[in-house]
**Q** 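Got a structure for you, written out below as structure tokens; questions coming shortly.
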Amino acid sequence: MLFVIILTGILLWTLPQPGYSQSRLILFSAIIGGAWIGIIGVAVISFNYKIGLSITAIGTGTLFILGFWQAAIGFIIMPTAALILLAAYLSYENEY
């Protein structure tokens with residue numbers, strides 16, 4: 001969860017920098033939303049692992065797609081997605 005908070009902070013800090021446009025706002029909103037959806041999926045795993053893994057897959061899939069598409073900030077997005085997947089795996093292993 002710490003990486004998701006760091007990612008959110010970095011993106012919100014860079015949002016008003018020179019070159020601001022609505023497309024940057026939409027892209028950053030999608031990235032932040034995908035990260036939070038992924039971490040919510042990790043939390044749901046302890047209640048229902050199938051639904052939690054599905055939610056996590058949607059969030060991390062979004063991050064991977066946007067990380068490849070926008071390579072300039074991919075160096076932050078990819079490790080965040082990998083850590084969310086690692087957290088999901090560890091949560092799944094601890095529950096079952």
Side-chain angles (χ1 to χ4, degrees):
M1 182 160 189
L2 180 63
F3 256 67
V4 174
I5 293 171
I6 291 171
L7 174 69
T8 302
I10 290 172
L11 292 179
L12 289 177
W13 177 74
T14 59
L15 184 63
Q17 300 300 320
Y20 171 79
S21 65
Q22 287 185 349
S23 61
R24 183 189 291 182
L25 175 66
I26 293 168
L27 173 68
F28 285 8
S29 298
I31 293 169
I32 291 170
W36 282 103
I37 288 171
I39 205 71
I40 288 169
V42 172
V44 172
I45 287 175
S46 61
F47 301 110
N48 188 334
Y49 71 94
K50 288 183 181 180
I51 294 173
L53 289 177
S54 299
I55 294 171
T56 303
I58 291 168
T60 55
T62 301
L63 290 178
F64 277 121
I65 289 169
L66 293 175
F68 281 117
W69 178 58
Q70 194 66 23
I73 56 175
F75 69 94
I76 298 171
I77 297 171
M78 293 301 183
T80 303
L83 287 173
I84 291 172
L85 287 176
L86 179 65
Y89 174 74
L90 294 175
S91 296
Y92 178 75
E93 286 296 316
N94 287 338
E95 293 294 322
Y96 302 97

**Q** Nearest 0.5 Å, what's the CG-CH2 distance between Leu27 and Trp69?
**A** 5.5 Å

**Q** Would you kindly confirm whether Ile58 and Phe47 end up in one hydrophobic cluster when ILVMFWY residues are joined by side chain heavy atoms under 4.5 Å apart?
**A** no

**Q** Working to the nearest 0.5 angstrom, can you tell me the gap between Leu7 CG and Leu11 CG?
**A** 4.5 Å

**Q** Between Ile76 and Ile10, is any pair of side-chain heavy atoms under 4.5 Å apart?
**A** yes

**Q** Are Leu63 and Phe68 grouped together when hydrophobic residues (ILVMFWY) are joined by side-chain heavy atoms under 4.5 angstrom apart?
**A** no

**Q** If you look at every heavy atom in Leu15 and Phe28, which pair is closest and at what distance?
**A** CD1-CD2, 3.8 Å

**Q** Could you check if a side-chain atom of Gln17 sits within less than 4.5 angstrom of a side-chain atom of Arg24, using non-hydrogen atoms only?
**A** yes

**Q** Given the rule that I, L, V, M, F, W and Y join up when any side-chain heavy atoms are under 4.5 Å apart, are Trp36 and Leu66 in one cluster?
**A** yes

**Q** What is the distance from atom CD1 of Ile55 to atom CD1 of Ile39, rounded to the nearest 0.5 Å?
**A** 12.5 Å

**Q** Got a second to check how far Ile65's CD1 is from Gln70's CD, nearest 0.5 Å?
**A** 14.0 Å

**Q** To the closest 0.5 Å, what do you measure between CD1 (Ile84) and CZ (Phe3)?
**A** 10.5 Å

**Q** Side-chain heavy atoms nearer than 4.5 Å, only ILVMFWY residues, links allowed to pass through others: does that put Ile73 and Tyr20 together?
**A** yes

**Q** Which pair of non-hydrogen atoms, one from Thr62 and one from Ala30, has the smallest distance, and what is that distance?
**A** CG2-O, 4.1 Å

**Q** Rounded to the nearest 0.5 Å, what separation is found between the CG atom of Leu83 and the CG atom of Leu2?
**A** 9.5 Å

**Q** At their closest point, which heavy atom of Gly74 faces which heavy atom of Pro79, and how far apart are they?
**A** O-CD, 4.0 Å

**Q** Same cluster for Leu25 and Ile77 if Ile/Leu/Val/Met/Phe/Trp/Tyr side chains link at under 4.5 Å?
**A** yes

**Q** I'd like to know if the side chain of Thr56 and the backbone of Val42 have a donor-acceptor N/O pair within less than 3.5 Å.
**A** yes

